[in-house]
Structures are given as structure tokens and as C-alpha cells.
Amino acid sequence: MSRFSTDNELVAKEIISRYPLPKSALIPLLHLTQEQNGWVTDDAMLHIAELTGTTPAEVRGTGTFYEMFKFHPVGRYVINICSNLACQLLGAEDLLEHAERKLGVKVGGTTADGLFTLEDVECVAACTEAPALQVNYRYRLRVSVDDFDQLIDDIRSGSASDIPEHGTLSLVRQRIPADRGAGIVAPDDAREIPVWMARNEVAEQS
Amino acid sequence: MPTHAYVPHAPGYVDNDGPKIVTRRFPFEDSYTLQRFEATGGYDGLRSALGRTPAEVHSEVRDATLLGRGGAGFPAGIKWGFLPPGKYPYYLVVNGDESEPGTYKDRLLMERDPHQVIEGSLITCYALGLSQCFLYVRGEMALAQERIAQALNDAYAAGYVGRNILGSDFSVDITMSWGAGAYIVGEETALIESLEGNRGRPRLKPPFFPAAIGLYGQPTIVNNIETMANVPWLMTNSAEQYKTYGSESSPGTRMFAVSGHVRRPGVYEVEQGITTFRDLLYGDNFCQGIREGHELKMFVPGGGSAPWFFPEHLDLPLEARPVGAAGSMLGSGAIMVMDETTDAVKAALRLVRFYARESCGKCTPCREGTTWEERILQRIFDGEGRPSDIDLLLDVADNISPGPYPVASHPDEDLEAVPFPPRQTTICPLGPSSVAPITSTIRRFRHEYEAKITKRDSIPVSAGSVEVEL
Ligand SMILES: Cc1cc2nc3c(=O)[nH]c(=O)nc-3n(C[C@H](O)[C@H](O)[C@H](O)COP(=O)(O)O)c2cc1C
Ligand code: SF4
Ligand code: FES
């Protein structure tokens with residue numbers, strides 16, 4: 001199981017419709033399946049292949065390149081602590097060690113209750129706010145050891161309300177209203193010059 | 001409005017009182033809404049552009065010498081001129097993959113002023129006859145994706161994007177796309193591969209740059225988020241006015257993220273060219289110096305891929321040419337500052353580890369080389385290194401980037417700078433970037449390496465006529 005739900009299949013088709021070629025939708029669709037199930041299952045990849053006219057091997061081939069896709073179950077909250085240079089300079093290592101102790105897992109591990117997975121990640125573009133971390137891609141900045149404990153307690157008690165479960169990224173989906181779209185342009189159509197360019201070329205020549 | 005201060009809803013951004021082009025709406029808490037955008041001159045640049053010919057819009061940007069903000073600093077107006085005439089359709093890809101170590105600015109621009117990025121992209125499509133735009137946001141940036149998606153939905157509804165924009169015959173769709181965690185996808189040809197639904201591995205260039213053969217094989221302009229964010233201002237103002245800021249070869253302002261051991265780390269919009277590293281690191285309006293009781297040891301001037309600078313380079317201006325001649329680059333506007341408590345070997349190891357982790361594996365010198373660099377550095381750091389390891393490290397580095405590698409001068413030892421850029425045996429600059437922390441630190445702090453080396457080299461022993469290494 002874990003093909004797209006009926007609703008998500010519609011979302012998937014809408015995403016595909018915004019690209020000139022369906023294969024371009026692979027990454028957004030892998031995210032969509034992760035949003036639905038928390039990770040990427042074999043059945044999900046089969047379904048994505050069907051929808052995009054690719055093979056399951058192509059879907060896996062693309063998906064496994066990218067770190068955010070998980071091909072095995074992970075915790076409902078994935079905690080990514082940045083250990084790159086700017087964060088290392090301001091205590092990322094201590095934070096990471098503390099996190100391992102607090103959660104009782106090593107980097108890469110998931111707690112027995114399936115709630116938390118801990119990762120040691122590269123720069124998350126918050127370097128001036130070091131040390132920085134993300135929980136399911138929501139930021140926590142200038143995180144002290146005490147802040148970390150508080151965060152874990154908040155998640156356990158359900159009071160970290162800005163953090164959705166693993167897999168959900170943007171809470172807003174792009175929608176192009178049917179009467180507003182300019183129309184996607186595939187590489188082999190519309191070979192002729194766009195109208196506003198043509199008009200200006202004519203104007204320049206006369 | 002507060003000046004000289006952090007802006008709570010834009011974490012890290014410091015509102016200083018210099019001229020502002022791209023961050024001017026940040027002090028408003030609702031800067032990301034269409035309402036605030038329209039109330040502060042938003043989409044006026046688009047209107048102004050639509051009142052001119054595409055060629056005129058292009059010239060305005062060319063005359064401004066708008067330098068690309070993604071890393072290479074290539075002038076946008078010139079890049080735009082490389083599209084082969086008549087080979088439609090052309091595409092625009094806006095690069096919001098920001099993941100260079102130390103870099104934090106594109107995320108702020110996407111989160112705090114998404115309409116500005118959209119407006120710049122629309123003007124670019126109008127000027128060059130681009131048929132569709134793809135705005136690629138880094139996968140880990142959920143809020144940026146949310147803000148861009150909402151802004152696009154609002155802009156479509158209001159008639160700024162899509163069919164017959166503002167009642168004109170200009171029509172273009174903007175598709176938001178998003179990545180999934182891979183630094184290399186920030187490289188423009190890897191980004192195109194990723195947009196095509198493939199593993200994000202760079203394409204060999206030259207001969208074909210994306211402007212000639214890009215997305216789906218069609219001519220494609222790739223520009224950085226901050227580059228796009230400058231374009232609307234150029235339309236409501238002018239190239240002339242733009243050039244009143246900054247210096248002749250680096251006009252305008254630029255966002256810099258300063259992190260590490262300074263009193264007030266932050267993201268600052270500053271005039272390029274005329275501001276120096278010293279102004280930025282020590283100025284009252286800016287970082288206010290090194291943290292209490294400490295002194296500057298070294299700094300990375302342009303993102304993890306840039307060779308390092310030292311206290312005697314502080315008076316260099318934030319300008320591409322002198323920084324390049326001094327052996328480094330401004331890169332992605334990311335300065336990481338380290339004081340005397342920093343272990344040079346450890347800092348170098350952390351950056352090298354990043355390149356080893358992020359190598360896409362397509363070419364051997366980078367895939368194998370970065371891995372070996374990390375292993376050798378790690379064993380030196382762990383006290384397991386041998387005296388020959390320093391040369392071995394340089395030898396591995398030389399396989400990735402042959403010949404003298406760009407490095408800052410070392411006046412105490414009478415060593416000159418080797419100017420930027422490095423040479424490469426690889427497909428893209430990621431592999432060569434891994435060498436920057438190594439050569440920078442070995443030239444300056446060889447003694448720190450040597451102090452960590454405790455093992456001896458194995459001695460070749462002769463066993464009959466065969467040489468055996470023990
Ligand atoms: C390894 C590597 C990573 C890069 N990462 C980024 C990035 O995250 N964002 C970006 O805009 N440019 C990045 N670049 C530069 C792009 O290839 C490209 O030059 C840039 O997006 C062009 O935009 P600009 O001319 O407006 O600067 C990277 C380059 C390399 C070699
Ligand atoms: S240099 Fe490294 S990242 Fe770039 S193409 Fe080669 S293996 Fe990939
Ligand atoms: S180094 Fe940690 S966020 Fe950039």
C-alpha cells in the first residue's frame with residue numbers, strides 16, 4: 001500500500017501539469033508521498049512512475065540522490081543539527097553530543113518510540129544564528145542545551161504547534177487558476193517568437 | 001523604524017542605515033504580503049518595464065553592471081546577451097538552492113520579500129522573451145517555499161503573473177519547484193538536471209553553457225535569487241542611480257552574512273566596492289568587532305569554497321577584482337570569522353568533510369580525492385597522522401586542482417598571493433573548492449599540523465630484491 005490517496009493523486013496531477021515534461025515532477029512527487037506517509041515506499045515509487053510515464057527504477061534513481069528522501073521509516077520528528085563551520089565555531093558539537101544523550105540515540109538513529117530521528121547536517125543557511133537546527137525543516141536558532149531540552153519536551157507534550165509531522169514542507173500549495181495560466185511551454189512547441197517580442201521586432205524594423 | 005538593530009521577524013538581519021535596495025521592506029513585519037508590497041512600490045518596476053521595449057529593459061540592466069550574486073559574479077546583462085537568437089523557447093531558472101557553507105541571504109529574500117523576486121523574474125522574462133520561469137527553492141527551506149507559493153498564488157489572482165500580464169500581450173507562467181537536499185544542485189547545470197527530474201549531477205561545460213543549451217536542451221538563463229531581487233529597483237530607478245552606490249567595477253549594494261566569532265553576527269546589506277572587510281567586521285553599524293577578549297585569527301571571505309584571509313587582508317574592499325588578486329573570492333557573500341581559539345586543522349577538516357559528503361561522484365578526482373582529503377585530515381586531527389601526510393594531502397589536492405592553488409599572501413614568510421580562480425581536472429568547481437581550506441591553513445599554520453602529528457613514517461625495508469613497505 002501507500003500509493004497516493006485520491007486527493008493526493010489530484011495534487012500530483014496538478015504538479016505534473018506545471019512542467020513541460022512530466023519527469024520534471026519527480027522530486028515534488030517524492031516529497032508529496034513523503035508528506036502522505038512519512039517516507040518513500042516501493043508502492044509509492046511505482047505510482048509515481050505510472051503518473052509521470054517513467055520507470056520505477058528512474059524514480060528510485062533520482063530519489064536516492066537526495067538526502068531528504070527516506071527509503072525506510074524515520075521518526076515523526078526529524079531533528080537536523082547543523083555542524084558546519086559557522087555552527088561548529090559556536091557550539092554545534094556540544095549540542096549534537098547533548099542531543100545524542102538526551103534522546104539516547106546516535107546520529108542517524110531513531111528513538112524506540114518512533115518519535116525522533118537525529119541527524120548531523122550541513123549548513124542550513126542560518127549561519128549568523130548559530131548553532132542552528134531544524135525539526136522537520138522548521139528552524140530553531142541560537143539553540144542552547146537548555147533550549148534543546150525544552151524543544152524535546154514541547155514536542156512530546158504536543159505544544160510545538162508550528163512543526164508538522166515529517167514529510168510536510170510548505171503548508172501552501174501553488175495553484176494556477178485555469179483562466180490565468182499562460183500555458184506551460186514544452187521544448188518542442190512554440191518554436192516561434194513570443195508575441196511581445198515579435199511586436200517589438202516589428203516596431204524596431206519600421 | 002529601528003536602525004542599527006536586529007529585526008525580530010527576520011532572524012539575523014541587521015537594519016543598518018546605509019542605502020538599501022533589496023532589503024528595504026524587511027523592517028515591515030508583513031513585508032511578504034502582496035498588500036505591503038503594493039503599498040511600497042511593488043510591481044511598479046514591472047509596469048515601468050512593460051512601458052519600454054524588451055531591448056531597452058535589457059540595456060538598463062546591462063548598463064548597471066549588475067553582478068550575479070550566486071558566486072561567480074558574472075554580469076547579468078552580459079549573460080543575458082548570450083542567448084542564441086531565434087532558438088525559442090527560452091527558459092528562466094531562478095536559483096534559490098542556497099547551501100554554500102556560511103551563506104544566508106537568499107532564504108531571507110524569499111521569506112521576507114518573495115514578490116520582489118517574482119517581479120525581478122517577470123521583468124527578466126519580458127526583456128529576453130523567456131517563455132517559462134522555474135523558481136527552484138532549496139528543499140530544506142519550508143517557509144521560503146510557503147512564502148513563494150502564497151506570493152505566486154496572490155500574484156496570479158491579481159494579474160501580475162500568467163496570461164496577459166497587467167492587460168498586456170506579455171504572458172509567462174512561473175512554476176515553483178523545490179529540491180531535496182544536495183548542495184551540488186546549486187551548480188547551474190546540476191540544477192537543470194534536477195529540474196528535469198534527474199540525479200543532480202553537473203554537465204560538462206564548456207563548450208555549452210546553459211544560455212546555449214540548458215533546460216530540456218533549450219537556451220536557459222540561470223540567475224541567483226538576489227540577482228533577480230535587484231532588477232525591479234533598476235526599473236523604478238535607473239542604472240545611473242545604481243552606479244552612485246558602490247564602486248565602478250562593483251556597483252550597487254550586496255548582502256553579506258557574517259557569522260562566527262564577531263560581537264554582532266548578522267546579515268547586512270552594504271555598498272560593495274567601497275566598504276572594506278574591516279568596516280564590516282569592526283564597524284559600529286555592522287559586526288562591532290571580534291567577541292569580547294579575543295582577536296581575529298582568520299576569516300573565510302566568500303563562502304566555504306573561498307580561500308581564507310588573515311588580519312592583514314582586512315583593508316581589502318568588498319570588490320571582486322582586488323579580492324581575486326589577493327587569492328580569494330567574494331563568492332556568495334558569506335564571511336565566517338574565527339578568533340585565536342580556533343583550531344585551524346579542525347576548521348579545515350569540517351569544510352573538507354562537507355565537500356567529501358556533497359561530491360556528486362561523477363568525476364574521479366573529486367569523488368576519490370575529497371574522500372582521501374577528509375581521511376588524511378581526520379587522522380592528523382585524531383593524532384594518527386604521519387609526517388608525510390601533509391605532503392600527501394597537498395598531492396591529493398593537486399590531482400583535483402593542478403598547479404599553484406589560489407591562496408592569500410603570507411608577508412611574514414615573503415610568500416605572494418596566488419590569484420583566483422583555481423584550475424581543475426574535474427567537471428565542476430566543487431572538487432577544487434575542497435582544496436581551499438587545505439592550502440590556506442597549511443601555508444599559515446603548518447606548525448599546527450605538525451604539532452598534531454605523532455606517528456612516524458614507515459621505513460622501506462629491503463627484502464632481497466623486492467622493496468617492501470611495512
Ligand atoms: C558547487 C556549486 C554550488 C553552487 N551553489 C549555488 C547556489 O546555491 N545558489 C546560487 O545562486 N548559485 C550557486 N552556484 C553558482 C551557479 O552555478 C550559477 O553560477 C549562479 O546561480 C548564476 O546566477 P548569478 O549569475 O545570478 O550569480 C553554485 C556553483 C557551484 C559550482
Ligand atoms: S567535481 Fe565533484 S561535484 Fe563536480 S561533477 Fe565532479 S564529482 Fe561531481
Ligand atoms: S553553518 Fe550552520 S547554518 Fe550555516
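Values reported hereafter were calculated over all heavy atoms of this structure, with side chains retained and with hydrogens, waters and symmetry mates removed. Fair warning: this is a prediction, and the values are worked out from it, not measured in the lab. Chain A is the first sequence line, chain B the second, and so forth, proteins listed ahead of strands; every chain is numbered from 1.
- Shortest non-hydrogen contact noted between A/Pro28 and B/Ser177 is CG-OG, 4.3 Å.
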Salt bridge (charged side-chain N to carboxylate O under 4.0 Å, His left out) between B/Asp169 and A/Arg199, worked out: CA-CA 9 Å; B/Asp169 60 0; A/Arg199 165 171 56 79; 2.6 Å; yes
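- In this view, A/Arg180 and A/Pro177, B/Tyr156, B/Arg163 satisfy the side chain to side chain contact (heavy atoms under 4.5 Å, CB included) rule, not counting sequence neighbours.
- Residues passing the salt bridge (Lys or Arg N to Asp or Glu O under 4.0 Å) test with A/Arg60, sequence neighbours excluded: A/Asp42.
- There is no contact between B/Arg147 and chain A, counting heavy-atom distances below 4.5 Å.
- When all heavy atoms of B/Arg353 and A/Ser83 are compared, the closest pair comes out as NH1-OG, 4.1 Å.
- For residues 61-75 of chain A, the interface with chain B (any heavy-atom pair closer than 4.5 Å) comprises A/Gly61, A/Thr62, A/Thr64, A/Phe65, A/Tyr66, A/Glu67, A/Met68, A/Phe69, sorted by residue number.
- Using a 4.5 Å cut-off between heavy atoms, A/Val121 touches chain B through its backbone atoms (N, CA, C, O) alone.
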Side chain to side chain contact (heavy atoms under 4.5 Å, CB included) evaluation trace for B/Asn198 with A/Lys23: CA-CA 8 Å; B/Asn198 301 325; A/Lys23 194 182 180 195; 2.6 Å; yes
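- The heavy-atom pair separating B/Glu146 from A/Leu169 by the smallest distance is OE1-O, 4.2 Å.
- Closest non-hydrogen pair, A/Leu26 versus B/Gly197, comes out as CD1-O, 3.3 Å.
- With a threshold of 4.5 angstrom between heavy atoms, B/Leu152 approaches chain A through side-chain atoms but not through N, CA, C or O.
- Proximity to chain A (any heavy atom under 4.5 Å) is restricted, for B/Val185, to the side chain, taken from C-beta onward.
- A/Cys123 places none of its side-chain heavy atoms less than 4.5 Å from the side chain of B/Ser99.
- Residues of residues 137-146 of chain A lying under 4.5 angstrom from chain B, judged on non-hydrogen atoms, are A/Tyr137, A/Arg138, A/Tyr139, A/Leu141, A/Arg142 by number.
- Closest non-hydrogen pair, A/Thr128 versus B/Ala257, comes out as CG2-CB, 4.1 Å.
- Heavy-atom pairs under 4.5 Å with chain A were tallied for B/Ala334, B/Ala182, B/Gly361, B/Gly139; the largest tally goes to B/Gly139.
- With chain B as the partner, the residue from A/Cys127, A/Cys87, A/Ala86, A/Ala125 showing the most heavy-atom pairs under 4.5 Å is A/Ala125.
- Using a 4.5 Å cut-off between heavy atoms, A/Pro22 makes no contact with chain B at all.
- Nearest heavy-atom pair across A/Leu85 and B/Met336 is CB-SD, 4.0 Å.
- Residues A/Arg18 and B/Asp173 have side chains not in contact (no heavy-atom distance under 4.5 Å, counting atoms from C-beta outward).
- Interface summary for chain A: among B/Ser259, B/Ala157, B/Ser168, B/Gly304, the most heavy-atom pairs under 4.5 angstrom belong to B/Ser259.
- In summary, the side chains of A/Ser24 and B/Tyr216 do present a donor paired with an acceptor at a separation below 3.5 Å, with no hydrogens or angles considered.
- If you measure heavy-atom distances from A/Glu122 to chain B, the contacts under 4.5 Å come from both the backbone and the side chain.
- Under the 30°/60° scheme for interplanar angles, the aromatic rings of B/Phe170 and A/Trp196 are found to stand perpendicular.
- For chain A, no part of B/Cys287 is nearby; none of its heavy atoms comes within less than 4.5 Å.
- For chain A, no part of B/Leu108 is nearby; none of its heavy atoms comes within less than 4.5 Å.
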